[in-house]
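A quick write-up on the structure given underneath.
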Amino acid sequence: NEQPGHEQMWEDLIRMKWWPLLLTCLVGLSRHVRGETLCPKEGGSSCKCQTPSGLIDLTPLSSATGARFSIQDPSGVTYTYNPCNGFKEGGCPDGTAVCQASKTALGTIVTEVIHYDDASSISGLVVAYSTATSRVQVNLKCDKTATTPTISYNGKLITLTVFDLTSCQCCYGGCGGTATAPTPSAGSSAVAPDIIGIVLI
């Protein structure tokens, strides 16, 4: 069979035949361009990240008995979230990190990883989770005065759900540390990872 030429290839792309492949490639490129760094587990913990600017330790934000945080999106859907320790809730099995409407696990604790120097977050700090069909990004926002943590719904795009977590524990050195707060990377924005790839399309 004759291989399709470039003109036919673009015609097929326009007809959305190959859009999943194109989207995957563009998202992968966006990750490379952003220059994010996956944090090695500090002391074997996915909740501790030793960056060049200081230590990020989210363990004080975790609950040992269930989900620490409950978030509601504008449509009224409730999400529950617990960093560092998995939980079980309704149809969300043991080991869930983020649960939607007590029915669907959007991220599991075994996939938890902290990114730093991540241009998809204003602070440069992100903790991410995933399942086979969904991904979650939690933007970590440093506020030295926020001894009581707060979390809010940021948005959703296809399979990616984004939240913003504000706490003094999201600062380098934690609530009692003297390290400076995370500062925005050059050219950073609040756009989530997949949005970059989709805009390019």
Side-chain angles (χ1 to χ4, degrees), residues 23-62 68-69 71 79 81-86 96-98 105-143 149 151-174 177 179-200:
L23 178 59
T24 299
C25 292
L26 289 174
V27 170
L29 176 62
S30 74
R31 287 182 178 277
H32 176 72
V33 171
R34 293 204 319 271
E36 68 185 24
T37 304
L38 299 182
C39 190
K41 295 182 179 182
E42 179 69 16
S45 171
S46 60
C47 258
K48 295 181 180 180
C49 177
Q50 184 64 59
T51 77
S53 300
L55 177 68
I56 295 294
D57 183 3
L58 302 180
T59 52
L61 300 179
S62 180
R68 171 74 184 273
F69 300 101
I71 314 106
Y79 302 81
Y81 168 53
N82 197 51
C84 311
N85 294 308
T96 293
V98 183
L106 300 183
T108 60
I109 204 66
V110 295
T111 64
E112 183 177 63
V113 62
I114 295 175
H115 305 167
Y116 63 93
D117 295 333
D118 190 327
S120 72
S121 170
I122 292 297
S123 70
L125 285 165
V126 165
V127 57
Y129 307 86
S130 64
T131 67
T133 58
S134 61
R135 291 187 298 123
V136 174
Q137 172 175 308
V138 180
N139 298 322
L140 304 180
K141 295 188 172 184
C142 168
D143 183 345
I151 191 166
S152 60
Y153 178 84
N154 181 297
K156 186 169 186 176
L157 182 64
I158 310 178
T159 61
L160 176 69
T161 305
V162 183
F163 303 105
D164 295 329
L165 175 60
T166 302
S167 170
C168 53
Q169 285 300 144
C170 298
C171 304
Y172 296 123
T180 57
T183 54
S185 304
S188 67
S189 71
V191 178
D194 283 349
I195 297 177
I196 298 174
I198 290 175
V199 169
L200 285 174

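Being a predicted model, the structure only gives us computed values, none of them experimental.
How far CG of N154 is from CG of N139: 6.0 Å, rounded to the nearest 0.5 Å. Considering CG of D143 and CG of L165, their distance stands at 11.5 Å, rounded to 0.5 Å. In this structure, CG on L140 lies 6.5 Å from CD1 on I114, to the nearest 0.5 angstrom. One distance of note links CG of L125 with NE2 of H115; it measures 11.0 Å at 0.5 Å rounding. In this structure, R135 CZ and L160 CG are separated by 5.0 Å, a value rounded to the nearest 0.5 Å. Atom-to-atom distance recorded for N85:CG and T96:OG1 is 13.0 Å, nearest 0.5 angstrom.
Between C168 and C142, the gamma sulfurs sit at a distance of 2.5 angstrom or greater.
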Item to complete: Decide side chain to side chain contact (heavy atoms under 4.5 Å, CB included) for Y153 and T161; before the verdict, give the C-alpha distance in whole Å, the side-chain angles of both, and the deciding distance to 0.1 Å.
Response: CA-CA 8 Å; Y153 178 84; T161 305; 4.1 Å; yes
Item to complete: Begin with the C-alpha distance, continue with both residues' side-chain angles, and end with the deciding distance and a verdict on side chain to side chain contact (heavy atoms under 4.5 Å, CB included) for E112 and C47.
Response: CA-CA 8 Å; E112 183 177 63; C47 258; 3.6 Å; yes
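Using modelled atom types, one side-chain atom of N82 and one backbone atom of R68 make a donor-acceptor pair closer than 3.5 Å. Although no hydrogens or angles enter the test, the distance criterion places no donor-acceptor pair under 3.5 Å between the side chain of Q137 and the main chain of V127. In this structure, T51 contributes its side chain and S53 its backbone to a donor-acceptor pair below 3.5 Å.
Minimum interatomic distance between G54 and Y172 (heavy atoms only, all atoms of both residues): O-CD2, 3.7 Å. The minimum heavy-atom distance between I109 and A97, with the atom names listed, is N-CB, 3.9 Å.
Partner K48 forms a side chain to side chain contact (heavy atoms under 4.5 Å, CB included) with one of T59, L58, I56 and no other, that one being T59.
Annotation: Y79 is in aromatic contact with F163 [ring centroid separation under 6.0 Å].
Residues satisfying the side-chain contact (heavy atoms from CB on, under 4.5 Å) criterion with S167, sequence neighbours excluded, are L61, P149, Q169, C170. For Y81, the side-chain hydrogen bond (donor to acceptor under 3.5 Å, both in side chains) partners at least two apart in sequence or on another chain are Y129. Remark: T131 pairs with T108, T133, S134 by the side-chain contact (heavy atoms from CB on, under 4.5 Å) rule, at least two apart or across chains.
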